[in-house]
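No hydrogens, no waters, no symmetry mates; every other heavy atom, side chains included, goes into these values. On a predicted model such as this, the values are computed, not experimentally measured, just so you know.
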Amino acid sequence: MPHDGRARTGVSEPRAREADASDTGSPPPVPEAVTSERALTFVGAALTAVYLPGAGNQELRLVETAGGGRCEYGLPDRLPLSGDSPAAHTFRTGRPLWLTSEALASYSTGGPTPPRPETSLAALPLGTERGRLGCLVVVGDSADGFEAEQRRFLEQYADAVLAVLRTGTGRPAPSPLLSPALRSLCVGSFVITPDTGLIEADETLLELAGITPDDFDGKADTLLAHALPEDMHALMSVLEPSTQTVGRRELEFRVRRPTGEMRWLSLSCQVAAGCDGRPEQVLGVVTATSVLRQSADDVSRIQWLTAALDDAVTVRDVSRVVVTALGEPLGADRVALAELQDDRLAVTVLDPPEPAAWPQWWRSEWRSEWPDAPVSALPTLQMALRDGRMDLWSAGAALEPGLAGIGAGGLAVLPLPAKGWVAGVCLVGWDQPHEFVPEERFLLTATAALVGQALKRARAHDAEQELATMLQRSLLPRRLPELPGGTAVARYLPAKRGLQVGGDWYDVIALSEDRVALVIGDVQGHSAGAATIMGQMRTAIRAYAVEGHPPDVVVSHANRLLVGMETDLFATCCYAELDMEEGNALFVRAGHLAPLLRHPDGRTEEVQVEGGLPLGILADAEFPMTTCALAPGTVIVMVTDGLVEAVDLPLDEGMDRTRTALAEADPADPGEMADELLGELDPREDDVALLLLRYDGMKTRPIRAGWAVWRLPDAVMHARRFTARALRRWKVEEVTDAALLVVSELVTNGLVHTQGPVRVDLMLRGDRVRVSVSDCSPRSPAKPVIVDWDATGGRGLLLVEAMSESFGSVPVAGGKQVWSELVVPHCDQAHVDSGPRTQRRGLP
């Protein structure tokens, strides 16, 4: 039924049937004149008239009118064809006229007499250029004229009148014309009394719903029973209107006829209020919508939605597409999308995202980012998900607290089907009263079907990526260590295509107080197998490095390990060992990209590291070392090929681009510097690893002294003398007693329990003295589990641990090193002797 828009037409007083609600007999038929008057009133027509040519075709004469105001509007009975009247002009030209009140005033004849400022007029030809049989004149009560929907209906009405005219033979024309023409358009009318639940329906309405007059008992529930369940909520808002729905309304609904056929019907109604402001009567008309109108915009919107969902990879991507597809086109105030996970709803997107825009119940259920609620707490959603059908709730519908406020003017609940099960639900809400027209129903239904499939696909993708991300995080360092004299940062970006786990890895290994190892590598391929090899190689290199091997030996051991694993994959890596005190670096490269340096003055260079074969190809491959001096402020950058090489990016060009970005970046913030080096990498064909270290130099330079212990009966005494002399020279006598106890116990253990050389190393850095004793045994010292009066050993380690600020043991090449740190109270490094920093094998 066309929308009445701003048409301010009156509604004739219905003759409602007075009957008791218990009456089950068939109500008397509604007079045809009443049904015609109701129907024309709802298209803004106060009076409808037919003019046909008179004798000699010199004039138009009025042959029939419909409506309650012929005398009131005073249309002339005869109009000259050559005169200046809307009807004559339309008959001569064959073009319809749509006149507002202002435009009608320019015609001297053919309008209502006397003229009214609030009256509009339409004149439509009856016939074509080959032969015009007359003119249809429609008088409206709106000064603004007829709107587009009303015009379309009146044009169909004129075609129906013409068809009735053509069925007549000879003159005068068949009578009546207007009522049969209206009846051929299948326009039914009704009057509802909400307090009693009774409805006065004409025969056309009953035929549209598939009810015979003998089976109709005058109750609204009888008509309601023929509607589809999805449209029940909208119809209930008509049968039981609230005070907020007083006025004109339009909606579309579907009925199931006795033959099983589903028919779309269009309803237009007006709610009349009584003296107390409550709804007293509902007057309306219903027409058949044989074919659901689908505009070019609807088709293009579905095409766009299909393409957008095809590009949506993650659940969050799908959610954003849904908001774009439904929010603005439907003028919705709120859109929510929730996944169904077991028996709970996990909301993936809310638009608008501000908590204040949603009901209090949702805010109380808010979690860290999105609400998560059990389905059982929302009966409306639970029912929709169970039945798998769309529910449309009109303005003023009574909903549970969890949904109240989402769509005060209308709420659409869309289950999202996905191959036999429901993937989630979408809520679309309006603040102002909203009517669901067929075009919107088509869009909502199509969107739900498309989104359900996309959501299922995206959920599987997210689960796969979550597993891949978890695997990748478990194989890479969780955090990088804090380094004396430098700051290291790392970045890892998974590939955007395929499984987001690959063979790129990095590591930062603290070897000692002043030495650190950097390693970056890439295992061939991009799969779970490559990730597994990557984890094994990272673990092996870390183990070899911590043992104290030089860089070339570390890489050589890793190469032999990979060859012995008999895998078809090979790996590349770049390994660097930095002396943070002296500012020296040793580089080893195994088929990997050379590292980059950014000097303090901003110059960049690619370190010319002599390369070796990739790991896993030749067991006896050699990996030469390259030395490089570092000045404070130098930045070392190590990358994998995913950053500098792609299908459309040659390696040389990628390296030059990275060097340019490195020169322009600000080294004050290494983290931001790393982000700038990554740049824009979407979509990434390969994963990317980046390791960056800014060498600052050690603010407090350590002082060292070393002593090779002689295996003599008084060896411990000589070690104690060496320690006391060094501490006096460094002016830290406060820790002498504790240091002598530590040296005595550790040197004794080394001489008694090991073979080979034993060495004592002392170091002072800031307010800490570190005592280290090295020997040739790889076995770490073990503290006794139980110490009693009969125990003959093990007390020494307990004493060392008690006297030390920290205490431990680390493996070194060919053995181990047991160390202890002591805190010097009130230590002033400026007063330490500035003599030789390292004493080698001094005499006692």
Side-chain angles (χ1 to χ4, degrees), residues 465 468-481 487-509 516-542 545 555 558 562 569-576 587-597 606-607 609 614-615 635-646 649 651 654-655 657-659 661-662 665 670-694:
Q465 300 311 316
T469 301
M470 184 181 302
L471 173 62
Q472 192 75 53
R473 288 177 178 175
S474 65
L475 296 176
L476 294 175
R478 298 187 63 181
R479 61 178 63 88
L480 300 184
T487 303
V489 296
R491 296 289 186 268
Y492 177 83
L493 298 178
K496 284 293 187 181
R497 297 178 182 176
L499 188 65
Q500 289 187 356
V501 61
D504 289 16
W505 91 89
Y506 61 86
D507 207 351
V508 178
I509 309 167
V516 61
L518 308 177
V519 61
I520 192 168
D522 185 2
V523 177
Q524 173 196 9
H526 191 264
S527 63
T532 302
I533 298 297
M534 175 266 285
Q536 294 172 318
M537 295 307 299
R538 173 179 169 252
T539 303
I541 289 178
R542 171 174 278 270
V555 176
L562 185 56
L569 302 178
F570 63 85
T572 65
C573 81
C574 183
Y575 183 95
F587 290 99
V588 174
R589 188 164 63 91
H592 201 80
L593 299 173
L596 301 176
L597 290 185
E606 184 176 325
V607 183
V609 180
L615 307 179
V635 178
I636 302 175
V637 178
M638 305 166 74
V639 301
T640 58
D641 56 359
L643 177 65
V644 296
E645 188 176 22
L649 180 64
L651 178 60
M655 291 293 287
R657 182 183 300 181
T658 302
R659 286 185 56 183
L662 180 61
E672 183 177 347
M673 192 178 196
D675 293 337
E676 292 180 4
L677 291 180
L678 292 179
E680 299 293 335
L681 295 176
D682 283 334
R684 293 182 296 276
E685 300 174 355
D686 194 6
D687 45 346
V688 176
L690 180 147
L691 183 58
L692 180 149
L693 182 139
R694 186 188 65 197

Between atom CG of L569 and atom CG of L562, what is the distance when rounded to the nearest 0.5 Å?
8.0 Å

One should read off an interatomic distance between Q536 CD and I541 CD1, to the nearest 0.5 angstrom, of 12.0 Å

Exactly one candidate in L518, L480, V519 meets side chain to side chain contact (heavy atoms under 4.5 Å, CB included) with Y506; the answer is L480

Does any part of the side chain of P595, heavy atoms only, come nearer than 4.5 Å to the side chain of V609, both counted from C-beta?
yes

Of V644, L677, L643, which is the lone residue that meets side chain to side chain contact (heavy atoms under 4.5 Å, CB included) with V688?
L643

Closest non-hydrogen atom pair, A674 against L690:
CB-CD2, 3.8 Å

To the nearest 0.5 angstrom, please state how far the CD1 atom of I520 sits from the NE2 atom of H592.
5.0 Å

When you look at L593 and L651, which way does the side chain to side chain contact (heavy atoms under 4.5 Å, CB included) test go after all the steps?
CA-CA 10 Å; L593 299 173; L651 178 60; 3.8 Å; yes

Give a yes or no on whether the backbone of T572 and the side-chain of R589 come within a donor-acceptor separation of less than 3.5 Å.
no

L692 and R491: side chain to side chain contact (heavy atoms under 4.5 Å, CB included), yes or no, with the steps?
CA-CA 9 Å; L692 180 149; R491 296 289 186 268; over 6 Å; no

I need the E606 CD to L662 CG distance, nearest 0.5 Å.
12.0 Å

Would you call C573 and L615 a side-chain contact if the rule is heavy atoms closer than 4.5 Å?
yes

For E676, enumerate each residue passing the side chain to side chain contact (heavy atoms under 4.5 Å, CB included) test, keeping only those at least two apart in sequence or located in another chain.
A665, E672

Heavy-atom closest pair, residues R694 and P670:
NH1-CD, 3.6 Å

Partner residues of R542 under the side chain to side chain contact (heavy atoms under 4.5 Å, CB included) criterion, sequence neighbours left out:
D507, I509, R538, V546

Run the numbers on V523 and W505 for side chain to side chain contact (heavy atoms under 4.5 Å, CB included), then give the verdict.
CA-CA 8 Å; V523 177; W505 91 89; 4.1 Å; yes

Side chain to side chain donor-acceptor pair (under 3.5 Å) partners for D641, two or more places apart
none

Can you measure from CG (D687) to CG (L493) and round to the nearest 0.5 angstrom?
9.0 Å

Under a 3.5 Å threshold, yes or no: a donor from one side chain and an acceptor from the other, between T640 and D504?
yes

Walk me through it: do V635 and L597 pass the test side chain to side chain contact (heavy atoms under 4.5 Å, CB included)?
CA-CA 6 Å; V635 178; L597 290 185; over 6 Å; no

